[in-house]
Each structure stands twice: as structure tokens, then as C-alpha cells.
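Quick notes on the structure that follows.
Hydrogens, waters and symmetry mates are skipped; everything else that's a heavy atom, side chains included, is used. Predicted, not measured: the structure shown is a model, and the values here were computed from it.
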Amino acid sequence: AVLTREIDAHWQNAEVRLGDSIPRGLWQLVSGTAELEFYSGASVILEAPATLELTSENHGILHTGRLRAEVPHHAHGFTIATKSVELVDLGTSFGMEVGADERTSVHVFDGEVEIFEPSGERQQGDGEILLAGEGRGLSLTSAPMPIEADDSLFLTPTELGNQGQLQEQKNFGRWLGHSGQLREDPRLVAYYPFQERKGRSLGNLSTIDFSGLRGAIIGARWKSGRWPDKGALDFKRPSDRVRIEVPEVLESMTLVTWVRIDGLDNDFNSLLLSDGWDRPGAVHWQILNSGEIELAVWHGQKRTKNSRAPFVLRPFDFGQWVQLAVVYDGASGTVSHYRDGEPSGEV
């Protein structure tokens, strides 16, 4: 399956990001909500706390917790099992919950499902058919009990989308607060929050009043950024760039950027470059087509002295926002790389 949406989702002993593939195995959602799209086409909204075991592209086992499944025609036969029941979808929308007492409740919202006892071989038509509006309470120790399907107990895709928008608004608000604090930092040379989303210049919001730090946008076009109300620039062609002039000579520096990488088509994919290379202090911060991050500062040495982060950006990172940072410490002669705030290498 693939993780397609999430709200504050935290997994037991696993780091999972949007767009990540979820392999077979036991997955424990400790908190939050997650939407998984199975490779068969079925989608499942999982609400914590929950434990879901993925066994194939069209089959899973719900050990604890609550899920809602939306199953299109081409995922006919999508199956979710528990200790009490095995549910085979016949083209429908349904909800399922396994309580702490291991009792299972099944709720059919649209279409129909077929339920079987969780034992041995089975054939279609041998189970009990449940239609829209019907449900069952099931356990290993008592007979099935008819219940009325209750749609309100399970999060719908629309509700998940609404929660996602609220979460984005909160995140954007936190970013605005942090942005206001950052621009007052006396160490800040240049700061580009990409908020204007118009015109062909990029405003610098540091406290340094120097016209050269206002960027000239060449080729790149304004787009939406990490949130709907956040701007960004889209760099598609090798000629796309923003030109700035830094008025200071710096012994040490920290560079930080948020980027969404859609592909690594060139040998070197630029983040920040000085004009020219073979002059003292020239800086090249780039992503190689291998996915490595490189910082090079010219000091008369060969390129073999450049600093490359040992981690690699892989194709499943494409389309995702990633924070990259690098610290060049001129006094100690070290370079430290970071991804999403976590150290990823020091040279």
C-alpha cells in the first residue's frame, strides 16, 4: 500500500512519510489518522490506536482499532480479516472495528459484502451477504448479532480532507510565528519566505538593508508552496534562477531551504551557486543526480575535497517537501549536513 494522507500520524517503531510505500507486515498506528491506498485500488482510513497487518495488495488483517474502506470495482474481492470474521468486499464502502475484547463490528455503508467465519477454505456464496445499512457484531464466543450500520462512527474521506485543511492552517500559522521570530535574528544575512507570489523580484526579510539582497527572479514562476496560502517558486529549466548579491565576506555560514524535488534530470541540480568557481570563497550547494547533497567552497583544492552528505534522496522523495540545511564552519574546517532537522553527515 501507499500512505496518501495523514493527520498527526505516529507509527510504532517506524518513520513513515506521505507517499511512502508500506510493505507487508504489522503496522501499529499509535496516534492520529492515516489513509492507505492498496495497490489493488482499495483505500482504507485507519484511526488510532490501531494495528493493521498488510498481507497482500488486496488483503489485510485488522488486529485492533477502527478502519473505513472505500473499494472501487477493480478492487473487487478486497478482504479484511479479524479473529472473528473474514470480510470480502463485493464493491462497496464499509467500516470495521475490533475492540479491546477482540469483538468485531462490521458496518456496510454502500453496496454489499460477504462475511465468513475465519477458518480454512471458503468459496464465494458460502458466506453471509450484508447489504447497505446492515451490520454484524461478531466474536468467537457468541452468535453473530445484527446491528444497524452507523456511518457516524467512522471518518469519511471528506471529513479526513477537512481535518487535513485545518491541520494545514495550523501549520501555516505556526510557520508565520516562527518566520516573524527568525527575521529578527541579528545573525541572519538573507531570508526569503516566498510570500509575495507576484512580480519578478524576491523580497529579503532580514534586518540587513541592502538592495542587492532583493532577488531578481529569472525564468522561475510563482506557485503554491507547502500550504495553500504559502508561496513558492517553480524552477523547471536550467536557466531558471534568482540572482542576489551578498554584501559580506563570511568565515562561516548556515544555509537552509525547503524544496520539493520533482526529478534529478541533470548531473548537478543547483540550490545556491556563486558566479564562477575558481576564485576564493566561491560556494556551490547542489544535489547530484545520484541524490547526494554536496557543498563545495573553493579554497584552491581539487573537487575531491568537497563535502557530500552520506544520505541519498531517492525517487520516493520526489514530490515531497524536504528541508535541507548545511553548516560550513570555517574555524574548524567542518561541514555538517541536515535533512528535516536531523543530522545526516559531517565532513
For this session: Report yes or no: does E47 contribute a side-chain atom to a donor-acceptor pair with the main-chain N or O of L155 at less than 3.5 Å?
Result: yes
Exercise. Does the E57 side chain pair with the main chain of H59, one donor and one acceptor, at a distance under 3.5 Å?
Worked result: no
Exercise. Sequence neighbours excluded, which residues qualify as ring pair (Phe, Tyr, Trp, His ring centres under 6.0 Å) partners of F38?
Worked result: F78
Exercise. So, does K230 use its side chain to make a donor-acceptor pair with the main chain of P193 at under 3.5 Å?
Worked result: yes
Exercise. In terms of ring plane angle, is the pair F172 and W175 parallel, tilted or perpendicular, where the classes change at 30° and 60°?
Worked result: parallel
For this session: Say whether N58 and S56, considering side chains only, have a donor N or O and an acceptor N or O under 3.5 Å apart.
Result: no
Exercise. Does F210 have any side chain to side chain contact (heavy atoms under 4.5 Å, CB included) partners at least two apart in sequence or in another chain, and if so, which?
Worked result: I208, L213, E245, P247
For this session: Using modelled atom types only, decide if a donor and an acceptor are shared between the side chain of S139 and the backbone of R103 within a distance under 3.5 Å.
Result: no
Problem set entry | Test side-chain contact (heavy atoms from CB on, under 4.5 Å) applied to V98 and T51, T82, L67, L138, the passing residue | T82
Exercise. Hey, is D240 close enough to R237 for a salt bridge, meaning N to O under 4.0 Å?
Worked result: yes
Exercise. Without hydrogens or angle criteria, can the side chains of Y39 and S21 be said to hold a donor-acceptor pair below 3.5 Å?
Worked result: yes
Exercise. Does a side chain donor of either Y328 or S307 reach within less than 3.5 Å of an acceptor in the other side chain?
Worked result: no
Exercise. Got a donor-acceptor contact below 3.5 angstrom from the E35 side chain to the S43 backbone?
Worked result: no
Exercise. Between R17 and E15, does at least one N-O distance fall below 4.0 Å, as a salt bridge requires?
Worked result: no
Exercise. Looking only at heavy atoms, what is the nearest atom pair of L188 and L182, with distance?
Worked result: CD2-O, 3.4 Å
For this session: May I have all residue pairs that pass salt bridge (Lys or Arg N to Asp or Glu O under 4.0 Å) and include part of residues 161-183, sequence neighbours excluded?
Result: none
